[in-house]
Protein chains: 2
Amino acid sequence: MAQAHSSSDRVTIRDVASVAGVSTATVSKVLNERPDVGAEVRQRVLDTIGRLGYRPNAVARGLRSRHTDTIAILTDDLEGIFTNALMRGVEDAASAYDISVLLANSYGDPEKERKHLRRLLDRQVDGLIIMSGNRVRPRSGPALPLPGTPYVFLYEYGAAEPVPSVLPDDRGGAALAAQHLIDLGRRRIGFINGPASWEATADRLDGLTTTLAAAGVALEPGFVRHATSWSPEEGYTLTSAMLDAPAPPDAIFGASDDLATGAIAAIHERGLRIPEDVAVVGFDDRSLAVHQRPPLTTVALPLLEMGRVAGQRLLAAVNGEEQRQELIRVPCELRVRASTTGRARTAT
Amino acid sequence: MAQAHSSSDRVTIRDVASVAGVSTATVSKVLNERPDVGAEVRQRVLDTIGRLGYRPNAVARGLRSRHTDTIAILTDDLEGIFTNALMRGVEDAASAYDISVLLANSYGDPEKERKHLRRLLDRQVDGLIIMSGNRVRPRSGPALPLPGTPYVFLYEYGAAEPVPSVLPDDRGGAALAAQHLIDLGRRRIGFINGPASWEATADRLDGLTTTLAAAGVALEPGFVRHATSWSPEEGYTLTSAMLDAPAPPDAIFGASDDLATGAIAAIHERGLRIPEDVAVVGFDDRSLAVHQRPPLTTVALPLLEMGRVAGQRLLAAVNGEEQRQELIRVPCELRVRASTTGRARTAT
DNA sequence: TCCCTCCACGAAAACGATTAAGTAAACGTG
DNA sequence: CACGTTTACTTAATCGTTTTCGTGGAGGGA
């Protein structure tokens, strides 16, 4: 194996140039696949690079060319339920374009967040994915202080001003669930929504009612409840209340898998059968959904795809495409399982 | 608000120097808190920096000083159950020292992994946290090709050679659970271990048997079973088998929360009470543990702490401390809940 | 007063690439 | 054959810092 002959230091573009008998400019052109370099010289340089095991120094490159091929994810909850899948989507998109991803976690502390943001800008990141809008987002003040650095909000509700942003299609997702229940002949549908303070809950309710209305099905007022948290316990108590009503529902739609899980417990407790007596649909498609008994039909949040979309939008902006200050909704997908059909119809 | 007067470009150290009437060398010294600069000059420079809103360019700094204040996490499963908590620990440690964290996900694809590794080294990262040992790890060949870049393996079992590494104390964790059950007077303990191919399972079994033996309690051969996966379903079937034995166990220890969850289902199904008839202990302390009915006593994996420890070890090595090729075990913690005591004893 | 030692600071050379501008040779073209 | 144009390279400046020396002056001792 050929080695750099002289020093123990890393081999630079200058070494390659001198060994190949060309200038560093030429090596650089070969590296960047520029057209104005002859075939045999190109080959010679390539060979030399291989022999010497040369690798371009990304830091030096970044200094001169003013881009670092790096984007950052700024989050306030690295351990959030959905964070990994979102991150993975972003990482997917980025690494497809040979872009690296920096991670910054703020715990929701505005001080930490500012510190991270400063550090990232110092580091000359090319763009930012923001999953930590509580503090830096435009909602609470003027626009982000990101001179010339493009950014995309990911899974951040409630931006006051138009801003590049990616969210799930909550309305469409709820509509999917509603249509599914209708198709199964259910007419007395109970909806356990999340806390009203969450923006998504309004859209989910809207998707449900609109779809039901279109099918001529009315939603009983007592069958629409806002939980005070997304927990199974809430799902359990609210479902219990509905089941104990004189004319109980024949289906429960929970605005989260946790809520639906609580519903399942309440239904089982009363000796009712799922789905024969009461069908259950959840929302999110967390891993627990498939492990329920029976496995839970649910509306899957397109987290991976959301991450990818956000990443792609950001990279487009980094590459100079003009960025539209637009909110993009990524469609949800219905995963039909035994809690509505009695036996799993589709894998996963 | 004072602004850079002349151009639209970013303000550099040279601008600061000229405005403050000193050389860039001096500004640099102030920036890096070097001693050889006088008090009033220092103050003048500091003021100028503030007025101009100057921020040092980390890329340029990295080029010259040969360190980037960046470490990377190389993982093969960004969506793994434990990945976030581990990452958060690493991020904690890093950001405490003003170090940024790069993320690289390989999906276990060795090709992708090599590509990421190359990219990270090109980027001159100061060190690596490796949670993706399947391919790059020494097990399958010679040492890592990381000339001069320190690294620490995190939550990676089975390194063939001594290598800086951080793992949970599986043995100690199992011992904690065993002691707890003994203290509660349980004597007929069933152990549902994970798949034998997992290195951790041997340690957990060992911790259990050693502790029981020390208390004079024997483990019945039929009460020690290896599952073929970590799933609740496995826990369910294996527990069922034990419960249907002539003299059933009075406690089930599952080597994962999922296994223990399955155990709970099997116990309930037989109309037995938890913990009166059968106590249940899990391992991992995933979020589902606290949501079980009854809430599950479990051995918590110290993921956050493991991440922190790995981060700190790495940063120490980056700072020139000599790195010991050593495996560090981080102690687990027992979280006592109702599945053994009948009522929660501790919060969380 | 002279000499030596510090102390603060500046000049200038890196760091390893990219890139604008320049140039010599080869190549038409009239 | 003289004269623009390409083609294929090279030269050298540049990106924004850090860092190694060098240096002038202040201070101290004899």
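When reading the values below, keep in mind they use all heavy atoms of this one structure, side chains included, and skip hydrogens, waters and symmetry mates. Below, chain A is the first sequence line, B the second, and so on; all start at residue 1.
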Visitor: Nearest to the side chain of Thr26(B), which nucleotide is it out of dG10(C), dG16(D), dG16(C)?
Guide: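 Closest nucleotide to the Thr26(B) side chain: dG10(C).
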
Visitor: Is there a side-chain polar atom (N or O) of Asn57(B) under 4.0 Å from OP1 or OP2 of dC15(D)?
Guide: no

Visitor: Could you give the CZ-to-P distance, from Arg64(A) to dC15(C), as a whole number of Å?
Guide: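 Between P of dC15(C) and CZ of Arg64(A): 18 Å.
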
Visitor: If you measure from CG on Leu120(A) to CD1 on Ile71(A), what distance do you get to the nearest 0.5 Å?
Guide: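 The CD1 atom of Ile71(A) is 11.0 Å from CG of Leu120(A), to the nearest 0.5 Å.
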
Visitor: Can you tell me how far P of dT18(C) sits from CG of Leu31(A), to the nearest Å?
Guide: 6 Å

Visitor: Just the rounded figure in Å: distance from C1' of dT18(D) to CZ of Arg66(B).
Guide: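 So the two atoms are 12 Å apart, to the nearest Å.
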
Visitor: Is the shortest heavy-atom distance from the side chain of Leu103(A) to the side chain of Met87(A) under 4.5 Å?
Guide: yes

Visitor: Pick the closest DNA chain C nucleotide for Ala60(B) and for Glu40(B) by heavy atoms, then say which residue is nearer the 5' end.
Guide: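 Mapping each residue to its closest nucleotide by heavy atoms, the 5'-most match is Glu40(B).
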
Visitor: Once you round it to whole Å, what is the distance between P of dC15(D) and CD1 of Ile13(B)?
Guide: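 That distance rounds to 14 Å.
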
Visitor: For Gln43(B) and dA8(C), give me the distance from atom CD to atom P, rounded to whole Å.
Guide: 16 Å

Visitor: Ser23(A) side chain: which of dT18(C), dT10(D), dG10(C) is closest?
Guide: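 Nucleotide nearest to Ser23(A)'s side chain: dT10(D).
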
Visitor: Indicate, with a heavy-atom threshold strictly under 4.0 Å, whether Val41(B) touches base, sugar-phosphate, or nothing.
Guide: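 Sugar-phosphate contact only - Val41(B) comes under 4.0 Å of backbone atoms but never of a base.
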
Visitor: Looking at every strand, decide which applies to Arg34(B) at a 4.0 Å heavy-atom threshold: base, sugar-phosphate, or nothing.
Guide: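 Since only primed, P, OP1 and OP2 atoms lie under 4.0 Å of Arg34(B), the category is sugar-phosphate.
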
Visitor: Between atom CZ in Arg10(A) and atom C1' in dG16(C), what is the gap in whole Å?
Guide: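 Distance, rounded to whole Å: 11 Å.
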
Visitor: Quick check on DNA chain C: between Thr24(B) and Arg14(A), whose nearest nucleotide comes earlier from the 5' end?
Guide: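 Final value for this comparison: Thr24(B).
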
Visitor: Between P on dC15(D) and NE2 on His67(A), what's the gap in Å once rounded to a whole number?
Guide: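 Rounding to the nearest Å, NE2 of His67(A) and P of dC15(D) are 16 Å apart.
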
Visitor: With a 4.0 Å limit, can you tell me whether Arg61(B) has a side-chain N or O closer than that to the phosphate oxygens OP1/OP2 of dT18(D)?
Guide: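 Answer yes for this pair, as a side-chain N or O of Arg61(B) is under 4.0 Å from OP1 or OP2.
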
Visitor: Rounded to the Å, how far apart are Asp69(A) CG and dT18(C) C1'?
Guide: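 Distance, rounded to whole Å: 14 Å.
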
Visitor: Remember a base hit wins even if backbone is also touched, and classify Ser28(B) as base, sugar-phosphate or nothing at under 4.0 Å, heavy atoms.
Guide: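 Contact class for Ser28(B): base.
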
Visitor: Looking at every heavy atom in both Ala310(B) and Leu154(B), which two are closest together, and how far apart are they?
Guide: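 Closest approach of Ala310(B) to Leu154(B): CB-CD1, 3.9 Å.
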
Visitor: Please round to the nearest 0.5 Å and tell me the distance separating atom OG1 of Thr68(A) and atom CG of Leu102(A).
Guide: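 Answer for the OG1-CG pair, Thr68(A) versus Leu102(A), is 8.0 Å.
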
Visitor: Which pairs, with at least one residue in residues 55-95 of chain A and sequence neighbours excluded, count as a ring pair (Phe, Tyr, Trp, His ring centres under 6.0 Å)?
Guide: Phe82(A)-Tyr155(A)

Visitor: At under 4.0 Å between heavy atoms, what does Val22(B) touch on the DNA or RNA strands: base, sugar-phosphate, or nothing?
Guide: sugar-phosphate

Visitor: If you check the Val37(B) side chain, which of dT18(C), dC9(C), dC15(C) turns out closest?
Guide: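 Looking only at heavy atoms from C-beta outward on Val37(B), the closest nucleotide is dC9(C).
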
